[in-house]
Amino acid sequence: MKRVITTAAVFFTAALLVAGCTPGSGGDSGSSDSKTFEFWSFTGINQKIDVDAYTKGHPDITVKLTEVGSSTETAQALTAALAGGKVPDLVLIQGDDLPKFMQSPDNFVDLATLGADKVTDDYLDWVIAQSTTEDGKIIGIPTDVGGLAIAYRTDLFKAAGLPTDRDEVSELWPTWDAFMDVGKRYVQATGKPFLDNTPTSIFFQAVNQGSERYYDSDRKLSYDRNPQVKEAFDLTLKVYQSGISGKIASWTPGWTAGMSKGDFAVMSAPAWMLNAIKTNAPDSAGKWDIATIPGGSGNWGGSYLAIPKRAKNPKAAWDYIADRQSPEGQLENFLSKGNLPTTPSVYTDPRLVEKTDPFFSDAPVGKIYTESVVNIKPFYIGPDDATIGSELLNTLTSVEQGKVAPDKAWETALANVKNALRG
């Protein structure tokens, strides 16, 4: 799953860092009880469902779950803990934050020493590769991936005279240019925005569909010379200038309210986004459906479970990983929470293939999202990926807010990235 920086838990995390301690640390690192372990996770992803499922099957185990904050805030707290604070036994790390921790693998238990080397073939090779060092140490086990799709409002499409059947809608936009043309038709018919915003729903989708992103195959920074990044950036500006965007920034009050109010007809919907729509717009159940992303495939998001080296109970933490992130465990997680498995052996399981979601007009979510990741072209994610992506997206947001001229956007974005990397 993927989460951007939020302010909800900033005070909480800042207070912990100032105090020189970390969530759930108490007096000693981890817990001295071999049947108890401490687990740090993000907020907003209902990790308690997984924990409850595990402890129900293992009633002798106690999991002390702390939801630290956003994914970024959790990574910040972990960084402080690794520098000398009290570490948890288990921690969830968002995929774009993982590369920074991979630079110091000795801060973590090599999961191969606990048995991970025997299960690596269970996972998508390009996903497990991200958490494996060049000398074969396994730092994290993947929990999910964020296959791409487009969520659309069938009621608003019908009012605009557009098809509502998901297969017909998917056929409308085999390319991003075709998607933009559909948006123009919608705006012309209704006078209302087609899209929530272009930075998130266009750029963050298109840039994750290429074979290379911000680093090249030699693991050197390439964001400023990679034509795939520039094409995604220019596409975003083109869609913005077409006039189909509502210019409602993601994760703002207007955006969450707009899902219910029908302020836009479509939005990007990586697999983990479906729960956000359900949470923010519960009264819109049955009005949404899911169509194929232009281009057909891509991934945005995903997380890993890791065990810090100074964990008191690494064995208990590993037993949890081995159970919940096994193919069967990930399938159960998908059926209960919607997190897309990283274990391709379950992609043909009838329980996944036949899984539909009534909130999204009974869309076959298992089939749609697995098809979006099986043909993906993997790329290397480097230590500054999160910083680079945030600066590019922030610049495009400034364009939508009228603070940066479109013809100055790329130049501004590069300058912002370079300043951020120097900082």
Side-chain angles (χ1 to χ4, degrees), residues 145-187 189-190 192-196 200-202 204-206 208-209 239 244 246 258-260 262-301 334-335 338-341 347-376:
V145 285
L148 303 183
I150 296 288
Y152 66 98
R153 286 278 294 261
T154 56
D155 57 335
L156 301 182
F157 268 47
K158 182 177 181 180
L162 293 169
T164 59
D165 175 80
R166 71 181 64 92
D167 291 333
E168 292 180 23
V169 171
S170 297
E171 291 175 1
L172 288 176
W173 52 54
T175 66
W176 284 109
D177 282 338
F179 177 84
M180 182 175 62
D181 290 341
V182 174
K184 291 178 180 178
R185 287 171 56 188
Y186 179 87
V187 172
T190 66
K192 298 179 180 180
F194 178 64
L195 185 65
D196 56 347
T200 299
S201 282
I202 302 298
F204 259 29
Q205 311 312 301
N208 283 309
Q209 292 181 303
V239 175
I244 69 172
M259 294 180 196
S260 290
D263 289 343
F264 43 85
V266 304
M267 60 182 290
S268 64
W272 48 264
M273 185 69 79
L274 301 189
N275 282 331
I277 298 174
K278 292 178 184 179
T279 299
N280 292 311
D283 57 341
S284 65
K287 296 179 180 178
W288 293 91
D289 206 330
I290 305 170
T292 302
I293 192 87
S297 63
N299 179 71
W300 174 21
F334 171 74
L335 296 175
N339 291 344
L340 188 64
Y347 289 178
T348 56
D349 190 295
R351 289 171 291 174
L352 182 143
V353 174
E354 297 170 8
K355 170 70 173 176
T356 60
D357 193 325
F359 190 99
F360 293 93
S361 303
D362 290 322
V365 289
K367 183 174 184 292
I368 290 171
Y369 283 107
T370 53
E371 288 180 352
S372 77
V373 296
V374 292
N375 294 318
I376 197 172

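We're numbering straight along the sequence, starting at 1. The analysis underlying the following values was restricted to heavy atoms, covering all of them including side chains, and did not include hydrogens, waters or symmetry mates.
- Here the closest non-hydrogen pair linking Phe359 and Ile277 is CE2-CG2, 3.9 Å.
- For residues 356-370, the side-chain hydrogen bond (donor to acceptor under 3.5 Å, both in side chains) pairs, not counting sequence neighbours, are Lys278-Asp357, Lys367-Glu371.
- When atom types are taken as modelled, the side chain of Gln209 and the backbone of Pro294 share a donor-acceptor pair closer than 3.5 angstrom.
- Judged by distance alone, the side chain of Thr175 and the main-chain N or O of Ala178 form a donor-acceptor pair under 3.5 Å.
- Between Ala160 and Tyr186 the shortest heavy-atom distance is CB-CD1, 3.4 Å.
- Shown here are the ring pair (Phe, Tyr, Trp, His ring centres under 6.0 Å) partners of Phe179, two or more places apart in sequence or in another chain: Trp173, Trp176, Phe194.
- Considering OG of Ser268 and CG of Asp196, their distance stands at 6.0 Å, rounded to 0.5 Å.
- Between the OG1 atom in Thr292 and the CG atom in Asp167 there is a gap of 7.5 Å [rounded to 0.5 Å].
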Dump the intermediate steps for side-chain contact (heavy atoms from CB on, under 4.5 Å) on Thr200 and Trp300, then the final yes or no. CA-CA 11 Å; Thr200 299; Trp300 174 21; 3.6 Å; yes
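- Rounding to the nearest 0.5 Å gives a distance of 8.0 Å between CG of Asn299 and CG of Leu340.
- Here Ser260 pairs with Ala281, Asp283 under the side chain to side chain contact (heavy atoms under 4.5 Å, CB included) rule; sequence neighbours left out.
- Counting all heavy atoms, side chain and backbone alike, Leu195 lies closest to Ser201 at CD1-CB, 3.5 Å.
- Formation of a donor-acceptor pair under 3.5 Å by the Ser297 side chain with backbone atoms of Ile376 is not found in this model.
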Begin from the C-alpha positions of Tyr152 and Asp289 and carry the test side-chain contact (heavy atoms from CB on, under 4.5 Å) through to its verdict. CA-CA 6 Å; Tyr152 66 98; Asp289 206 330; 3.4 Å; yes
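- Counting all heavy atoms, side chain and backbone alike, Ala291 lies closest to Val169 at CB-CG1, 3.8 Å.
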If you apply the rule side-chain contact (heavy atoms from CB on, under 4.5 Å), what do you find for Asp181 with Lys184, and how did you get there? CA-CA 5 Å; Asp181 290 341; Lys184 291 178 180 178; 4.2 Å; yes
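- Arg185 pairs by the side chain to side chain contact (heavy atoms under 4.5 Å, CB included) definition with Leu162, Leu172, not counting sequence neighbours.
- The nearest pair of heavy atoms linking Ser372 to Gly147 is OG-CA, 3.2 Å.
- Here Leu148 contributes atom CG and Asn208 contributes atom CG; the two are 6.5 Å apart, rounded to the nearest 0.5 Å.
- Of all non-hydrogen atoms in Val145 and Ala271, the two that sit nearest each other are O-CB, 4.2 Å.
- Among residues two or more places apart in sequence or in another chain, the side chain to side chain donor-acceptor pair (under 3.5 Å) test is passed with Thr154 by none.
- Legend: residues meeting side chain to side chain contact (heavy atoms under 4.5 Å, CB included) with Pro193, ordered by chain and number and at least two apart, are absent.
- Taken from CE in Met259 to CZ in Phe264, the straight-line distance is 5.5 Å, to the nearest 0.5 Å.
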Can you check side-chain contact (heavy atoms from CB on, under 4.5 Å) on Trp288 and Met267, steps first, answer last? CA-CA 11 Å; Trp288 293 91; Met267 60 182 290; 3.9 Å; yes
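- Side-chain atoms of Thr164 never come within 3.5 Å of backbone atoms of Lys158 as a donor-acceptor pair (strictly under, hydrogens ignored).
- Under the 3.5 Å distance criterion, the side-chain polar atoms of Asn339 are left unmatched by any main-chain donor or acceptor of Phe334.
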